[in-house]
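When reading the values below, keep in mind they use all heavy atoms of this one structure, side chains included, and skip hydrogens, waters and symmetry mates.
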Amino acid sequence: MKNALYILTLISFLVSCQQPPKVEVYGQHYQEHNDFESLQQAVDLIEIGSDTAYVRKILGEPIDFGFDYRYLVDSTGPNGCVVGAVFHLTGAKVDDKWIDEICE
């Protein structure tokens, strides 16, 4: 009985190790489809304090203003402005993030 439990635990562990983290799944989907839902999910999972290299790894190449990274989706908001995520940067770290219309 102990051996069967050990084998099931080991199999569960190995299977769970082979699945990419959710943030990577959402990031890959966003890169392929530029959709709001996957970008929102990825933004929610990318933590404040993350390195810019990590953000690029997850979401791809940004629109880089030096002080922030922007990732746009395939639609506009109610005000006719493009919708996207903004990662505000201090040095090479994210210090704030949001997703909304970008009307500038």
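- Using a 4.5 Å heavy-atom cutoff, the side chains of Lys97 and Ile48 are in contact.
- Side-chain contact between Leu89 and Asp95: absent, with no pair of heavy atoms (C-beta onward) separated by less than 4.5 Å.
- Heavy-atom neighbours of Glu47 CD from other residues, nucleotides or ligands within 6.0 Å: at or below the threshold of 12.
- There is a path of hydrophobic side-chain contacts, each under 4.5 Å, that joins Val82 to Phe65.
- In this structure, the side chains of Cys103 and Asn79 come closer than 4.5 Å at one or more pairs of heavy atoms.
- Taking the side chain as every heavy atom from C-beta outward, His33 and Ser38 never approach each other to under 4.5 Å.
- Taking 4.5 Å as the limit, some side-chain heavy atom of Lys57 sits within range of a side-chain heavy atom of Glu24.
- Val25 is not connected to Phe36 by any chain of hydrophobic side-chain contacts under 4.5 Å among Ile, Leu, Val, Met, Phe, Trp and Tyr, and they are in different clusters.
- Between the SG atom of Cys81 and the CG atom of Leu72 there is a distance of 11.5 Å, given to the nearest 0.5 Å.
- No single ILVMFWY cluster, assembled from side-chain heavy atoms under 4.5 Å apart, contains both Ile102 and Val83.
- Between His88 and Phe67, the ring-plane angle classifies as tilted under the 30° and 60° cut-offs.
- Under the 4.5 Å side-chain heavy-atom criterion for Ile, Leu, Val, Met, Phe, Trp and Tyr, Ile99 and Ile63 are members of distinct hydrophobic clusters.
- Neither Val86 nor Leu39 shares a network with the other; the hydrophobic side chains, linked directly or stepwise wherever heavy atoms of I, L, V, M, F, W or Y lie under 4.5 Å apart, form separate groups for each.
- Results of the side-chain contact (heavy atoms from CB on, under 4.5 Å) test with Leu59 over Tyr54, Tyr26, Tyr30 single out Tyr30 as the only residue that passes.
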### Task
Applying salt bridge (Lys or Arg N to Asp or Glu O under 4.0 Å), run through Asp68 and Arg70 and close with a yes or a no.
CA-CA 7 Å; Asp68 69 27; Arg70 297 180 185 197; 3.2 Å; yes

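- Note: Tyr69 and Tyr71 have perpendicular aromatic rings, judged against thresholds of 30 and 60 degrees for the angle between ring planes.
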### Message
Could you walk me through whether Asp51 and Arg56 satisfy the salt bridge (Lys or Arg N to Asp or Glu O under 4.0 Å) test, starting with their C-alpha distance in whole Å, then the side-chain angles of each, then the deciding distance to 0.1 Å, before giving a yes or no?
### Response
CA-CA 9 Å; Asp51 190 86; Arg56 283 184 146 146; over 6 Å; no

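- By the 4.5 Å heavy-atom criterion applied to side chains, Asp35 and Val73 are not counted as neighbours.
- Here the shortest heavy-atom pairing between Ala42 and Val23 reads O-CG2, 4.0 Å.
- Contact between Pro78 and Glu101 at its shortest, heavy atoms only, is CD-OE1, 3.4 Å.
- Of the possible donor and acceptor atoms, none in the side chain of Gln40 sits under 3.5 Å from a partner among the backbone N and O of Ala85.
- For the pair Phe87/Ile46, a side-chain contact is recorded, criterion being any heavy-atom separation below 4.5 Å from C-beta on.
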